[in-house]
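To start, the structure under review is shown below, and the notes come after it.
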Protein chains: 2
Amino acid sequence: MKLEEEIKQSKFETERQKAILNVIYTANWIGSIQHKIFKKYKLTSPQYNVLRILRGKFPDPLTVSSIQERMLDKMSNASRLVDKLVEKGYAERSTCMYDRRQVDVVITSAGQKLLKEIEPELLDFHNAEMVLTEQDAAAVNEALDKIRG
Amino acid sequence: MKLEEEIKQSKFETERQKAILNVIYTANWIGSIQHKIFKKYKLTSPQYNVLRILRGKFPDPLTVSSIQERMLDKMSNASRLVDKLVEKGYAERSTCMYDRRQVDVVITSAGQKLLKEIEPELLDFHNAEMVLTEQDAAAVNEALDKIRG
DNA sequence: TTTGTTTCTATGTTTAAACATTTAATCGAC
DNA sequence: GTCGATTAAATGTTTAAACATAGAAACAAA
């Protein structure tokens, strides 16, 4: 559906201006669908994101600050997100050997199991809802990378 | 900059999967820059969005539910957003004539003045940061509209 | 009119985001 | 070594988001 219809705005001044709103609107749209999936597992979207980051380095640990660097939403508080994951048994914390200011975080096997449960549902959504071909998607990626300079 | 470098992930399984993350990441990126601009005027991004919606109908009023329909983030609470705008003098509320359940909301002249102040700054950002041509932007818009079905 | 149902907005409550500050560890200059 | 500066993570506090629920008005049927 065209953005104009979805937000009931008749026209945009430029395609570039529309693209800005379109990116924000589409991100909200994707986010709200994924949110429903995460909710079944009592996870938030940033928490899921951190789990994926941790799995990407497993079995190596990541410090809180390096998690923050890799997060999609860099404004949110990595320390508190790790807190939640540790509470739920999906991650473990230990003080870093070389620098006692730093904290090493590792995903647990429970965390890995959880990711394996959630992933098929997310893929189903991507496949069912996204009509994009790989070429279209590649064009989007190129353009978005350009937007961010 | 490519998404892989920004979030320090080496590869993606498909372009489509990358496109999902790219949309979310880019929306956060745009949002955080705009947030800095809005902050100078003590507005939040959803509040700015509502003001734009109200101006779009001025001098006609909009009910709270029709504002909600047009909002980019449809999950947030339009009633409380209008509250904040009324507090600040940027909007006015009055009960609807033919249906006393509904509430008519109109942008004030102070609200319109505020929008005129903020807009040039947003346009500066769009022009300075966005390297996209109109054709590129049009392609993004087409693809994002496709993503949402 | 009355009763039940739906619609529109407001409100209550729990949780997280945003932002600043604190505490502890490290580093560098002297 | 000491001192100040810097960095990493945690914590405190204020504000808003998320979600459910309530309350008032409209509507429809008996």
Side-chain angles (χ1 to χ4, degrees), chain A residues 24 27-29 31-50 53-54 61-88 91-106, chain B residues 24 27-29 31-50 53-54 61-88 91-106:
Chain A
I24 294 173
N28 287 337
W29 180 84
S32 73
I33 294 175
Q34 294 193 336
H35 180 246
K36 285 174 196 154
I37 297 173
F38 295 145
K39 198 184 172 185
K40 294 202 290 182
Y41 299 94
K42 297 186 180 169
L43 272 188
T44 64
S45 170
Q47 285 169 15
Y48 172 79
N49 188 229
V50 170
I53 290 167
L54 289 175
L62 274 167
T63 64
V64 173
S65 57
S66 59
I67 291 171
Q68 188 121 30
E69 272 181 3
R70 287 156 212 251
M71 281 167 51
L72 295 178
D73 180 358
K74 302 199 191 292
M75 285 301 96
S76 62
N77 194 329
S79 182
R80 280 205 174 94
L81 285 174
V82 170
D83 256 6
K84 294 286 156 62
L85 293 176
V86 170
E87 272 175 27
K88 291 170 183 168
E92 277 173 354
R93 233 191 309 230
S94 59
T95 56
C96 177
M97 285 172 29
Y98 328 94
D99 186 341
R100 282 188 302 163
R101 289 172 304 179
Q102 296 187 141
V103 169
D104 283 341
V105 185
V106 185
Chain B
I24 294 173
N28 286 338
W29 180 85
S32 73
I33 293 175
Q34 294 193 337
H35 180 248
K36 284 174 197 156
I37 297 174
F38 295 145
K39 198 182 170 187
K40 295 202 289 181
Y41 299 93
K42 297 185 180 170
L43 273 189
T44 64
S45 170
Q47 284 168 15
Y48 173 78
N49 189 228
V50 171
I53 291 167
L54 289 175
L62 274 166
T63 65
V64 173
S65 58
S66 59
I67 292 171
Q68 188 121 28
E69 271 181 5
R70 288 156 210 252
M71 281 169 49
L72 295 178
D73 181 359
K74 303 200 192 290
M75 286 299 97
S76 62
N77 193 328
S79 181
R80 281 206 174 93
L81 284 174
V82 170
D83 256 7
K84 292 288 155 64
L85 293 176
V86 171
E87 273 176 27
K88 291 170 183 168
E92 277 174 354
R93 233 190 313 228
S94 57
T95 56
C96 178
M97 283 169 33
Y98 34 91
D99 186 341
R100 281 188 303 161
R101 290 172 303 180
Q102 296 187 144
V103 170
D104 283 341
V105 185
V106 185

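As a basis for the values below, the full set of heavy atoms in this structure was taken, side chains included, without hydrogen atoms, waters or symmetry mates. Here is the naming used below: chain letters follow the sequence lines, and residue numbers restart at 1 for every chain. What you are looking at is a predicted structure, and each value in this text was computed from that prediction instead of being measured.
The side chain of B/Ser79 contributes an N or O atom lying less than 4.0 Å from OP1 or OP2 of C/dA10. A sub-4.0 Å separation between OP1 or OP2 of D/dT7 and a side-chain N or O of A/Ser65 is absent. For A/His35 and D/dA17, the shortest distance from a side-chain N or O to OP1 or OP2 is not below 4.0 Å.
Nearest to the side chain of A/Lys39, among D/dA9, D/dA26, D/dC19, sits D/dC19. Among D/dA20, C/dC19, C/dT9, the nucleotide with an atom closest to any side-chain atom of A/Asn77 is C/dC19. Counting only heavy atoms from C-beta on, B/Asp99 has its side chain closest to D/dA26 among D/dA9, D/dA26, D/dA10. In this structure, the nucleotide among D/dA17, D/dA25, D/dA10 sitting nearest to the side chain of A/Val103 is D/dA10.
The interatomic distance linking A/Ile67 (CD1) with D/dA9 (P) rounds to 9 Å, in whole Å. The CZ atom of B/Arg80 sits 15 Å away from the C1' atom of C/dC8 (whole-angstrom rounding). Atom CG in B/Leu81 sits about 15 Å away from atom P in C/dT11, given to the nearest Å. B/Arg93 has its CZ atom 11 Å from the P atom of C/dT9, to the nearest Å. Taking atom NZ on A/Lys36 and atom P on D/dA18, their separation rounds to 13 Å, with Å as the unit. Atom CE of B/Met97 and atom P of C/dC8 are 18 Å apart (whole Å). Rounding to whole angstrom units, OH of residue B/Tyr98 and P of D/dA26 are separated by 13 Å. Whole-Å rounding puts the B/Leu85 CG to C/dA10 P distance at 13 Å.
Closest approach of B/Asp104 to B/Pro61, counting heavy atoms only: CB-CB, 3.6 Å. Contact between B/Ser79 and B/Arg93 at its shortest, heavy atoms only, is O-NH1, 4.1 Å. In plain terms, the two heavy atoms of B/Lys42 and B/Gln47 that are nearest each other are O-OE1, 4.2 Å.
A/Ile67 pairs in a side chain to side chain contact (heavy atoms under 4.5 Å, CB included) with only one of the listed residues (A/Leu81, A/Leu54, A/Asn49), which is A/Leu54.
Put simply, the side chain of B/Arg101 and the base of C/dT7 share a donor and an acceptor less than 3.5 Å apart.
At least one side-chain heavy atom of B/Met71 sits less than 4.5 Å from a side-chain heavy atom of B/Ile53.
Place A/Arg100 and A/Lys84 on DNA chain C by their nearest nucleotides, and A/Lys84 ends up nearer the 5' end.
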